[in-house]
Amino acid sequence: MIFEFAAGAVIIAMCLVLYRAVKGPTVYDRILAVNTFGTLTVIIIAVHGFLVGRPKFLDLALVYALINFIGTIAISKFVAFSGLGYPSEDEEKGDI
Amino acid sequence: MIILALMGFMAVIGIAMARIRDLFAVVILGGIFSLLGAAVYVILDAVDVGFTEAAVGAGISTVLLLGTLALTTSEEKVTPESRSLVSIVAVIVTGAVLVYGTLDMPRYGDPTAPINHHVAPRYLEKSGDEVGLPNVVTSVLASYRGYDTLGETFVIFTAAVGVLAILGRSRRQPKRKRMKARKG
(Lines give C-alpha, C1' and ligand atoms only; values in the text may rest on other atoms or scores of the structure.)
Protein backbone atom coordinates (compact mmCIF):
# COMPACT_ATOMS: atom_id res chain seq x y z
CA MET A 1 0.00 0.00 0.00
CA ILE A 2 2.73 2.41 0.97
CA PHE A 3 4.54 1.81 -2.32
CA GLU A 4 1.45 2.73 -4.35
CA PHE A 5 1.25 6.03 -2.48
CA ALA A 6 4.97 6.58 -2.97
CA ALA A 7 4.67 5.94 -6.71
CA GLY A 8 1.75 8.36 -6.97
CA ALA A 9 3.63 11.03 -5.03
CA VAL A 10 6.72 10.63 -7.21
CA ILE A 11 4.64 10.92 -10.37
CA ILE A 12 2.96 14.11 -9.10
CA ALA A 13 6.41 15.48 -8.26
CA MET A 14 7.54 14.56 -11.79
CA CYS A 15 4.61 16.60 -13.20
CA LEU A 16 5.70 19.66 -11.20
CA VAL A 17 9.38 19.30 -12.18
CA LEU A 18 8.44 18.78 -15.81
CA TYR A 19 6.40 21.98 -15.78
CA ARG A 20 9.45 23.85 -14.50
CA ALA A 21 11.72 22.23 -17.09
CA VAL A 22 9.43 23.14 -19.99
CA LYS A 23 8.44 26.62 -18.82
CA GLY A 24 11.86 27.75 -17.59
CA PRO A 25 12.22 30.72 -17.63
CA THR A 26 15.87 30.91 -16.45
CA VAL A 27 18.67 28.45 -17.17
CA TYR A 28 18.98 27.63 -13.47
CA ASP A 29 15.36 26.45 -13.31
CA ARG A 30 16.14 23.96 -16.05
CA ILE A 31 19.42 22.74 -14.51
CA LEU A 32 17.67 22.13 -11.21
CA ALA A 33 14.79 20.47 -13.05
CA VAL A 34 16.99 17.99 -14.91
CA ASN A 35 18.88 17.13 -11.73
CA THR A 36 15.71 16.63 -9.71
CA PHE A 37 14.12 14.63 -12.51
CA GLY A 38 17.09 12.24 -12.50
CA THR A 39 16.63 11.71 -8.77
CA LEU A 40 12.92 11.10 -9.26
CA THR A 41 13.66 8.56 -12.02
CA VAL A 42 15.96 6.70 -9.66
CA ILE A 43 13.22 6.68 -6.99
CA ILE A 44 10.54 5.51 -9.40
CA ILE A 45 12.74 2.58 -10.54
CA ALA A 46 13.33 1.62 -6.91
CA VAL A 47 9.65 1.95 -5.96
CA HIS A 48 8.59 -0.06 -9.01
CA GLY A 49 11.05 -2.77 -8.03
CA PHE A 50 9.39 -3.08 -4.61
CA LEU A 51 5.89 -2.81 -6.12
CA VAL A 52 6.36 -5.89 -8.33
CA GLY A 53 8.30 -7.67 -5.59
CA ARG A 54 11.67 -7.79 -7.33
CA PRO A 55 13.98 -5.19 -5.81
CA LYS A 56 16.97 -6.63 -7.70
CA PHE A 57 17.52 -3.61 -9.91
CA LEU A 58 18.27 -1.18 -7.11
CA ASP A 59 21.96 -1.06 -8.01
CA LEU A 60 20.98 -0.07 -11.55
CA ALA A 61 19.11 2.90 -10.10
CA LEU A 62 22.34 3.92 -8.36
CA VAL A 63 24.20 3.88 -11.68
CA TYR A 64 21.47 6.09 -13.16
CA ALA A 65 22.10 8.57 -10.38
CA LEU A 66 25.82 8.62 -11.28
CA ILE A 67 25.11 9.16 -14.98
CA ASN A 68 22.69 11.96 -14.15
CA PHE A 69 25.43 13.57 -12.07
CA ILE A 70 27.77 13.60 -15.10
CA GLY A 71 25.07 15.29 -17.16
CA THR A 72 24.52 17.92 -14.48
CA ILE A 73 28.25 18.65 -14.30
CA ALA A 74 28.43 19.04 -18.09
CA ILE A 75 25.46 21.42 -18.13
CA SER A 76 26.88 23.48 -15.25
CA LYS A 77 30.24 23.70 -17.02
CA PHE A 78 28.54 24.82 -20.20
CA VAL A 79 26.65 27.55 -18.36
CA ALA A 80 29.68 28.76 -16.38
CA PHE A 81 32.33 28.71 -19.14
CA SER A 82 30.14 28.51 -22.30
CA GLY A 83 32.30 25.57 -23.40
CA LEU A 84 33.11 22.05 -22.26
CA GLY A 85 36.88 21.82 -22.44
CA TYR A 86 39.81 23.92 -23.57
CA PRO A 87 43.19 24.94 -22.09
CA SER A 88 42.84 28.16 -20.16
CA GLU A 89 45.34 30.99 -20.46
CA ASP A 90 45.86 31.17 -16.73
CA GLU A 91 48.35 28.60 -15.35
CA GLU A 92 46.82 28.70 -11.88
CA LYS A 93 43.36 27.65 -13.03
CA GLY A 94 44.56 24.80 -15.25
CA ASP A 95 42.41 23.41 -18.04
CA ILE A 96 38.70 23.93 -18.01
CA MET B 1 0.07 2.42 -14.33
CA ILE B 2 3.54 3.83 -13.68
CA ILE B 3 4.60 3.03 -17.22
CA LEU B 4 1.56 4.86 -18.65
CA ALA B 5 2.44 7.96 -16.62
CA LEU B 6 6.08 7.79 -17.77
CA MET B 7 5.10 7.42 -21.42
CA GLY B 8 2.66 10.33 -21.05
CA PHE B 9 5.55 12.43 -19.73
CA MET B 10 7.63 11.35 -22.74
CA ALA B 11 4.87 12.50 -25.11
CA VAL B 12 4.60 15.87 -23.33
CA ILE B 13 8.38 16.36 -23.52
CA GLY B 14 8.42 15.42 -27.22
CA ILE B 15 5.80 18.06 -28.04
CA ALA B 16 7.59 20.64 -25.89
CA MET B 17 10.93 19.87 -27.62
CA ALA B 18 9.34 20.43 -31.01
CA ARG B 19 7.86 23.79 -29.96
CA ILE B 20 10.67 25.37 -27.90
CA ARG B 21 13.13 27.50 -29.91
CA ASP B 22 15.80 27.80 -27.21
CA LEU B 23 18.14 24.92 -28.05
CA PHE B 24 19.72 24.78 -24.59
CA ALA B 25 16.29 23.98 -23.13
CA VAL B 26 15.77 21.39 -25.89
CA VAL B 27 19.04 19.63 -24.97
CA ILE B 28 18.03 19.52 -21.30
CA LEU B 29 14.58 18.20 -22.18
CA GLY B 30 16.28 15.58 -24.36
CA GLY B 31 18.26 14.43 -21.33
CA ILE B 32 15.05 14.09 -19.32
CA PHE B 33 13.44 12.23 -22.24
CA SER B 34 16.29 9.70 -22.30
CA LEU B 35 16.10 9.16 -18.54
CA LEU B 36 12.37 8.46 -18.86
CA GLY B 37 13.05 6.08 -21.74
CA ALA B 38 15.62 4.25 -19.63
CA ALA B 39 13.13 3.95 -16.77
CA VAL B 40 10.50 2.55 -19.17
CA TYR B 41 13.03 -0.03 -20.44
CA VAL B 42 13.81 -1.09 -16.87
CA ILE B 43 10.11 -1.48 -16.08
CA LEU B 44 9.71 -3.59 -19.24
CA ASP B 45 12.54 -5.86 -17.93
CA ALA B 46 14.97 -4.83 -20.70
CA VAL B 47 17.57 -3.80 -18.13
CA ASP B 48 20.57 -3.84 -20.48
CA VAL B 49 18.81 -1.67 -23.06
CA GLY B 50 17.79 0.74 -20.31
CA PHE B 51 21.37 0.88 -19.13
CA THR B 52 22.62 1.74 -22.62
CA GLU B 53 19.90 4.34 -23.04
CA ALA B 54 20.85 6.02 -19.77
CA ALA B 55 24.58 6.01 -20.53
CA VAL B 56 24.33 7.07 -24.18
CA GLY B 57 21.12 9.08 -24.25
CA ALA B 58 21.14 10.90 -20.93
CA GLY B 59 24.91 10.87 -20.36
CA ILE B 60 27.15 11.23 -23.38
CA SER B 61 24.74 12.66 -25.96
CA THR B 62 23.72 15.50 -23.63
CA VAL B 63 27.41 16.32 -23.26
CA LEU B 64 28.02 16.08 -27.03
CA LEU B 65 25.01 18.26 -27.85
CA LEU B 66 26.15 20.86 -25.31
CA GLY B 67 29.59 20.81 -26.95
CA THR B 68 27.89 21.43 -30.30
CA LEU B 69 25.97 24.34 -28.79
CA ALA B 70 29.24 25.79 -27.49
CA LEU B 71 30.63 25.76 -31.05
CA THR B 72 27.47 27.01 -32.79
CA THR B 73 24.50 29.11 -31.72
CA SER B 74 21.79 28.10 -29.26
CA GLU B 75 18.92 29.71 -31.14
CA GLU B 76 16.93 27.68 -33.67
CA LYS B 77 16.32 28.97 -37.19
CA VAL B 78 12.59 28.86 -37.87
CA THR B 79 11.56 27.04 -41.06
CA PRO B 80 8.65 28.46 -43.10
CA GLU B 81 5.16 27.10 -42.49
CA SER B 82 4.77 25.33 -45.86
CA ARG B 83 7.85 23.16 -45.38
CA SER B 84 6.82 22.13 -41.88
CA LEU B 85 3.47 20.91 -43.32
CA VAL B 86 5.32 18.55 -45.69
CA SER B 87 7.49 17.28 -42.83
CA ILE B 88 4.54 16.55 -40.54
CA VAL B 89 2.84 14.55 -43.31
CA ALA B 90 6.08 12.57 -43.83
CA VAL B 91 6.39 11.95 -40.07
CA ILE B 92 2.77 10.80 -39.74
CA VAL B 93 3.06 8.44 -42.74
CA THR B 94 6.33 6.96 -41.40
CA GLY B 95 4.83 6.51 -37.95
CA ALA B 96 1.72 4.83 -39.40
CA VAL B 97 3.91 2.41 -41.39
CA LEU B 98 5.92 1.57 -38.26
CA VAL B 99 2.77 0.97 -36.19
CA TYR B 100 1.39 -1.19 -39.04
CA GLY B 101 4.62 -3.18 -38.93
CA THR B 102 4.15 -3.98 -35.23
CA LEU B 103 0.65 -5.43 -35.78
CA ASP B 104 2.04 -8.78 -36.96
CA MET B 105 4.38 -9.14 -33.97
CA PRO B 106 3.52 -11.66 -31.23
CA ARG B 107 2.09 -10.32 -27.99
CA TYR B 108 4.57 -9.10 -25.33
CA GLY B 109 5.74 -12.07 -23.24
CA ASP B 110 3.98 -14.66 -25.42
CA PRO B 111 5.56 -18.10 -24.71
CA THR B 112 4.78 -19.34 -28.24
CA ALA B 113 6.62 -16.44 -29.90
CA PRO B 114 9.46 -17.49 -32.26
CA ILE B 115 12.05 -15.69 -30.14
CA ASN B 116 11.39 -18.12 -27.28
CA HIS B 117 11.77 -21.20 -29.50
CA HIS B 118 14.70 -20.70 -31.84
CA VAL B 119 17.97 -21.16 -29.92
CA ALA B 120 17.06 -19.84 -26.48
CA PRO B 121 16.06 -23.24 -24.97
CA ARG B 122 19.34 -24.78 -26.14
CA TYR B 123 21.35 -21.95 -24.60
CA LEU B 124 19.45 -22.32 -21.33
CA GLU B 125 19.87 -26.11 -21.17
CA LYS B 126 23.36 -26.69 -22.53
CA SER B 127 25.43 -23.56 -22.00
CA GLY B 128 26.48 -24.80 -18.57
CA ASP B 129 28.08 -27.91 -20.11
CA GLU B 130 29.28 -26.37 -23.37
CA VAL B 131 30.75 -23.10 -22.07
CA GLY B 132 30.82 -23.56 -18.33
CA LEU B 133 29.86 -20.06 -17.22
CA PRO B 134 27.15 -19.58 -14.60
CA ASN B 135 25.63 -16.59 -16.44
CA VAL B 136 23.83 -17.53 -19.67
CA VAL B 137 23.90 -14.00 -21.09
CA THR B 138 27.67 -13.85 -20.67
CA SER B 139 28.19 -17.18 -22.38
CA VAL B 140 25.97 -16.13 -25.30
CA LEU B 141 27.85 -12.84 -25.70
CA ALA B 142 31.35 -14.16 -25.20
CA SER B 143 31.12 -17.62 -26.76
CA TYR B 144 28.09 -18.35 -28.98
CA ARG B 145 28.24 -14.87 -30.50
CA GLY B 146 31.93 -14.32 -29.85
CA TYR B 147 32.78 -13.19 -33.41
CA ASP B 148 29.88 -10.75 -33.32
CA THR B 149 31.14 -9.23 -30.08
CA LEU B 150 34.68 -9.07 -31.46
CA GLY B 151 33.39 -7.16 -34.51
CA GLU B 152 31.51 -4.71 -32.32
CA THR B 153 34.64 -4.12 -30.27
CA PHE B 154 36.60 -3.43 -33.47
CA VAL B 155 33.98 -0.91 -34.60
CA ILE B 156 34.03 0.97 -31.29
CA PHE B 157 37.84 0.90 -31.13
CA THR B 158 38.11 2.23 -34.70
CA ALA B 159 35.63 5.02 -33.92
CA ALA B 160 37.60 6.01 -30.81
CA VAL B 161 40.89 6.02 -32.76
CA GLY B 162 39.30 8.12 -35.50
CA VAL B 163 37.93 10.68 -33.08
CA LEU B 164 41.27 10.91 -31.26
CA ALA B 165 43.13 11.30 -34.56
CA ILE B 166 40.88 14.21 -35.55
CA LEU B 167 40.50 15.99 -32.21
CA GLY B 168 43.35 14.91 -29.99
CA ARG B 169 46.40 16.59 -31.48
CA SER B 170 45.76 20.32 -31.90
CA ARG B 171 44.32 20.89 -28.45
CA ARG B 172 47.34 19.42 -26.66
CA GLN B 173 50.02 21.39 -28.49
CA PRO B 174 49.76 24.74 -26.64
CA LYS B 175 49.82 23.10 -23.24
CA ARG B 176 53.01 21.19 -23.96
CA LYS B 177 54.68 24.37 -25.16
CA ARG B 178 53.64 26.07 -21.95
CA MET B 179 55.07 23.24 -19.89
CA LYS B 180 58.39 23.52 -21.74
CA ALA B 181 58.44 27.26 -21.20
CA ARG B 182 57.82 26.82 -17.53
CA LYS B 183 60.55 24.19 -17.13
CA GLY B 184 63.12 26.15 -19.16
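This is a predicted model, so every value here is computed, not measured. Numbers restart at 1 for each chain; the letters A, B, ... are given by sequence-line order, proteins then strands.
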Quiz prompt | Contact leader toward chain B among Ala61(A), Gly38(A), Gly49(A), Cys15(A), where contacts are heavy-atom pairs under 4.5 Å | solution = Cys15(A)

Heavy-atom side-chain proximity of [X] to [Y] below 4.5 angstrom:
X: Ser34(B); Y: Met10(B); result: no
X: Phe24(B); Y: Ile75(A); result: yes
X: Arg30(A); Y: Leu29(B); result: no
X: Leu6(B); Y: His48(A); result: no

Do other residues, nucleotides or ligands put more than 12 heavy atoms under 6.0 Å from the [atom1] atom of [X]?
X: Leu124(B); atom1: CG; answer: yes
X: Tyr41(B); atom1: OH; answer: no
X: Tyr123(B); atom1: OH; answer: yes
X: Leu58(A); atom1: CG; answer: yes

With a 4.5 angstrom heavy-atom cut-off, is it the side chain or the backbone of [X] that approaches chain A, or both, or neither?
X: Leu35(B); value: both
X: Asp45(B); value: side chain
X: Ile3(B); value: neither
X: Ile20(B); value: side chain
X: Ile13(B); value: side chain

Which bit of [X] comes within less than 4.5 Å of chain B, counting heavy atoms only: side chain, backbone, both or neither?
X: Leu66(A); result: neither
X: Ala21(A); result: both
X: Ile11(A); result: both
X: Val22(A); result: both

Heavy-atom pairs under 4.5 Å with chain A are the metric here; pick the option from [options] that has the most.
options: Val12(B), Ile43(B), Ile2(B), Val27(B); value: Ile43(B)
options: Gly31(B), Gly8(B), Ala39(B); value: Ala39(B)
options: Ala38(B), Ala16(B), Ala55(B); value: Ala38(B)

Quiz item: Does Glu152(B) pair with Arg145(B) as a salt bridge, N-O distance under 4.0 Å?
Solution: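 Not counted as a salt bridge, because no side-chain N and carboxylate O are separated by less than 4.0 Å.
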
